[in-house]
Amino acid sequence: MVIIKTPKQIEGIRLSSCLAAQTLAHTASYIRPGVSTATLNDIAHQFITSHDAIPAPLGYGGFPKSICVSINNVVCHGIPNPKTKLKVGDIVNLDITTILGGFYGDVSASYPVGVISTQAQKLIDVTRESLNRAIDAIKPGVKLNRAVGETIEKYVTSFGFTPVQELGGHGVGLKFHEDPFVFHYKNPQGDIRLKPGMIFTVEPMVNASDSWKVYVDSKDGWTVTTADGALSAQFEHTILVTPEGCEVLTQL
Ligand code: MF3
Ligand code: CO
Ligand code: CO
């Protein structure tokens with residue numbers, strides 16, 4: 001069941017989403033060659049807890065850290081580690097989810113580390129633009145998969161890139177992951193018509209490859225990588241459907 005949030009709930013989710021966006025900007029300002037992913041985790045953890053909030057990933061399904069940090073061919077759910085340091089030419093995604101006053105906000109973005117390849121920069125730009133195009137299509141009365149999945153798949157494949165299929169966006173706000181599942185490719189299964197008060201994420205993971213295939217690391221049970229080793233980028237926003245269209249709650 002897709003929850004229609006009340007005005008009080010929307011206000012709480014708006015505040016948490018704003019904190020998530022501020023945490024992302026603060027943490028991203030420390031991205032540079034040589035910084036470890038554990039340091040980025042600790043910076044985000046400190047920022048979130050000093051604002052009376054909780055990092056949602058910590059302990060979620062056994063996840064051991066406070067944010068996800070995913071480098072290059074890691075699609076998502078990268079576990080911060082003091083031995084993993086950013087290097088020039090990497091692309092890195094920070095995924096941050098806060099719980100403030102019991103409400104969840106979820107945001108992520110991909111960043112270059114120093115100078116990166118033209119192809120890597122293109123992947124980042126196309127992935128960000130695919131999210132923006134989906135956002136432009138979100139309004140009441142429209143089918144979710146038409147606005148989001150079709151828009152993203154059509155745009156990224158025109159550059160020879162491919163949206164990951166196994167993972168998707170999700171309803172969010174009262175819990176970390178709620179209905180609906182948000183496909184980033186055309187899949188009309190269980191499609192819903194958008195209504196004001198719905199809140200969900202759109203978070204395309206896009207591979208610089210013609211393959212959407214991914215693996216989950218069998219040792220840590222979390223780290224998702226592209227099956228063919230290709231680069232993958234991701235951007236995520238928490239989005240409220242409004243009577244006029246939508247509001248991006250994780251926009252600063
Ligand atoms: N933030 C991720 C998402 O966008 C979920 C991370 S689950 C975790 O849905 F356990 F890895 F934190
Ligand atoms: Co997220
Ligand atoms: Co999410």
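Note that the coordinates shown come from a computational prediction; the quantities given were computed from them, not determined experimentally. Just so you know, ligand 1 is whichever comes first in the structure, and atom 1 is the first atom listed for that ligand.
Ionic pairing of Arg14 and Glu11 is present here: one or more N-O contacts between side-chain nitrogen and carboxylate oxygen are shorter than 4.0 angstrom.
Because the distance cut-off is set at 2.8 Å, His170 qualifies as a neighbour of the Co ion (ligand 3) through one of its N, O or S atoms.
Protein residues are said to neighbour a ligand when one of their heavy atoms lies under 4.0 Å from it; for ligand 1 these are Pro57, Tyr60, Phe63, Cys68, His77, Asp95, Thr97, Asp106, His170, Phe176, His177, Glu203, Trp222, Glu236.
Remark: the backbone N or O of Ile13 is not paired with any side-chain donor or acceptor of Ser16 at under 3.5 angstrom. Between the Asp106 side chain and the Thr238 main chain, no donor and acceptor come within less than 3.5 Å of each other. Side-chain atoms of Glu247 do not come within 3.5 Å of backbone N or O of Ile239 as any donor-acceptor pair. For His184 (side chain) and Glu203 (main-chain N/O), a donor-acceptor pair under 3.5 Å exists by modelled atom type.
Using cut-offs of 30° and 60° for the angle between ring planes, the Tyr60 and Phe176 rings count as tilted. Using a 30° and 60° split on the angle between ring planes, Phe161 and Phe159 fall in the parallel class, below 30°.
A side-chain hydrogen bond (donor to acceptor under 3.5 Å, both in side chains) check over residues 132-161, counting only residues at least two apart or in different chains, returns the pairs Glu129-Arg133.
Protein N/O/S atoms closer to the Co ion (ligand 2) than 2.8 Å number 4 in this structure.
The CG atom of Asn207 lies 8.0 Å from the CG atom of Leu123; values are rounded to the nearest 0.5 Å.
The hydrophobic side chain of Val142 is isolated, with no ILVMFWY side chain under 4.5 Å apart from it.
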